[in-house]
Amino acid sequence: MSTRLTCHCGAVELEIAAHAPLSLARRCDCSFCKRRAAATVGVKAPDLTILKGKDALASYQWGTASAEHFFCRTCGIYTHHRRRIPDEHGDYGINIGCLEGVNPAELEPLAYFDGQAIPTSTG
């Protein structure tokens, strides 16, 4: 069973074939993620499909440029990111606030991932 994920304005729409359980949703405290505070769950690369708005997506990278954060150029909503360090739950993290029918407030308190411990540069 697939799930839809959209930005606020609807310009970007993704389909997720499967994702980690919402009970594993977490936030990251790295210098970038702590500023946006979006909770994510993992998705394997083959399970994520951009249905609409690939040209509406912008991305942001810094430091080692190994992670890539995607957001809608129109409404600015962060939808997903390619993880710097994939784990057993996925290659991507998806913003659970963009998932149809999911209210992140109902999952509180959410765990935090120690993103500050990961070096942001190669040298």
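Just so you know, these numbers come straight off a predicted model, no measurement behind them. Note: hydrogens, waters and symmetry copies are ignored here, and every other heavy atom, side chains too, is used.
Ring pair F70/H80 is parallel by interplanar angle, where below 30° counts as parallel and above 60° as perpendicular.
Within the model, atoms NE2 of H81 and SG of C28 stand 7.0 Å from one another, a figure rounded to the nearest 0.5 Å.
Transitive grouping of hydrophobic side chains (ILVMFWY, heavy atoms separated by less than 4.5 Å) brings I50 and I16 into a common cluster. I77 and F32 are not part of a single hydrophobic cluster, where members link through side-chain heavy atoms under 4.5 Å apart.
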Cut-off 3.5 Å, no hydrogens considered: what does the side-chain donor-acceptor table look like for residues 5-14, sequence neighbours left out?
unit_1	atom_1	unit_2	atom_2	d
E13	OE2	R4	NH1	2.4

Check: residues 93-111 side-chain donor-acceptor pairs under 3.5 Å, at least two apart:
unit_1	atom_1	unit_2	atom_2	d
N95	OD1	G97	N	2.9
N95	ND2	Y78	O	2.8
N103	OD1	A105	N	3.0
E108	OE1	L110	N	3.2
E108	OE2	R27	NH1	3.0
E108	OE2	R27	NH2	3.0

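Between the side chain of K44 and the backbone N or O of Y92, no donor-acceptor pair lies under 3.5 Å. Side-chain atoms of R82 come within 3.5 Å of backbone atoms of S66 as a donor-acceptor pair (strictly under, hydrogens ignored). Formation of a donor-acceptor pair under 3.5 Å by the Q61 side chain with backbone atoms of A67 is found in this model.
Smallest separation of non-hydrogen atoms from D91 and P46: OD2-CD, 4.4 Å.
The salt bridge (Lys or Arg N to Asp or Glu O under 4.0 Å) contacts involving residues 52-61 comprise nothing, where partners must be two or more places apart or lie in separate chains.
In this structure, the side chains of W62 and H69 come closer than 4.5 Å at one or more pairs of heavy atoms.
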